Amino acid sequence: QVQLVESGGGLVQAGGSLRLSCAASGRTFTSLGMGWFRQAPGKEREFVAAIRWSGGSTYYADSVKGRFTVSRDNAKNTVYLQMNSLKPEDTAVYYCAAKTRGGSYVAKYEYHYWGQGTQVTVSS
């Protein structure tokens, strides 16, 4: 079992920054890939970013590439999403998710563990 808790969401003006955190517990972290997804009202949950828990490769949706950075601190069992140059279209509930090894990092169905989500609202 894996438990994920997101934090760091809030209201921010366009062009501002937020840093989301995802604290993981419940199993070994070296066996998990970590992803960030977001869901706006009335829309499907979409991939944002992902990182191999052991480090190395990162993955980003085209819509956030160059603005968002995913990172991790294995000593703290925590994954981060640094969001810069935020736009109103970034407004959504952001979810942290974990997957076991194998499969696509960008596919929702590959992730079996999800946090409760944290709201990010970007005002114009």
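What you see is a predicted model, and the numbers here were worked out from it, not measured in a lab.
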Requested in this report: Take Arg67 and Lys65 through the test side chain to side chain contact (heavy atoms under 4.5 Å, CB included) and record every step on the way to the result.
Outcome: CA-CA 5 Å; Arg67 300 187 297 121; Lys65 195 172 299 181; over 6 Å; no

Report task. May I ask you to check whether over 12 heavy atoms, not counting those of Glu89, lie within 6.0 Å of atom CD? Result ->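 For Glu89, atom CD is crowded (more than 12 foreign heavy atoms under 6.0 Å).
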
Quick one: pull up [atom1] in [X] and [atom2] in [Y] and give me the separation to the nearest 0.5 Å.
{"X": "Asn77", "Y": "Gln3", "atom1": "CG", "atom2": "CD", "result": "12.0 Å"}
{"X": "Asn74", "Y": "Arg72", "atom1": "CG", "atom2": "CZ", "result": "5.5 Å"}
{"X": "Tyr59", "Y": "Ile51", "atom1": "OH", "atom2": "CD1", "result": "10.0 Å"}

Requested in this report: Can you see which heavy atom on Thr78 is nearest to which on Ala23, and at what distance?
Outcome: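 Shortest heavy-atom contact: OG1-CA, 4.1 Å.
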
Solution key, residues 11-22 side-chain donor-acceptor pairs under 3.5 Å, sequence neighbours excluded:
residue : atom : partner : partner atom : Å
Ser17   : OG   : Asn84   : OD1          : 2.9

Can you tell if the side chain of [X] reaches within under 4.5 Å of the side chain of [Y], non-hydrogen atoms only?
{"X": "Leu32", "Y": "Met34", "result": "yes"}
{"X": "Trp36", "Y": "Val70", "result": "yes"}
{"X": "Asp90", "Y": "Phe68", "result": "yes"}

Requested in this report: For the pair Tyr94 and Met83, evaluate side chain to side chain contact (heavy atoms under 4.5 Å, CB included) and give the outcome as yes or no after the intermediate values.
Outcome: CA-CA 11 Å; Tyr94 283 71; Met83 305 185 296; 3.8 Å; yes

Query raised in the report: Of Leu81, Val120, Val64, Thr118, which is the lone residue that meets side chain to side chain contact (heavy atoms under 4.5 Å, CB included) with Arg38?
Result: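 Testing Arg38 for a side chain to side chain contact (heavy atoms under 4.5 Å, CB included) against Leu81, Val120, Val64, Thr118 leaves exactly one candidate, Val64.
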
Could you list the donor-acceptor pairs under 3.5 angstrom formed by side chains in residues 103-110, with sequence neighbours left out?
residue : atom : partner : partner atom : Å
Ser104  : OG   : Val106  : N            : 3.2
Tyr105  : OH   : Arg52   : NH1          : 3.4
Lys108  : NZ   : Arg45   : O            : 3.1

Query raised in the report: Backbone N or O of Gly9 within a donor-acceptor pair of the Gln119 side chain at under 3.5 Å?
Result: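 No, the answer is negative, given that no donor and acceptor are paired below the 3.5 Å cut-off.
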
Report task. Check the pair Asp73, Tyr80 against side chain to side chain contact (heavy atoms under 4.5 Å, CB included), reporting the backbone distance first and the verdict last. Result -> CA-CA 8 Å; Asp73 186 338; Tyr80 305 96; 3.9 Å; yes

Report task. State yes or no: are the ring centers of Phe37 and Tyr111 separated by less than 6.0 Å? Result ->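 Yes, they do, as the ring centres are separated by less than 6.0 Å.
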
Query raised in the report: In terms of hydrophobic clusters joined by side-chain contacts under 4.5 Å, are Trp114 and Phe47 together?
Result: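 Linked, Trp114 and Phe47 end up in one cluster.
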
Query raised in the report: Val2 and Val79: same hydrophobic cluster, using ILVMFWY side-chain contacts below 4.5 Å?
Result: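 Yes, Val2 connects to Val79 through the hydrophobic network.
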
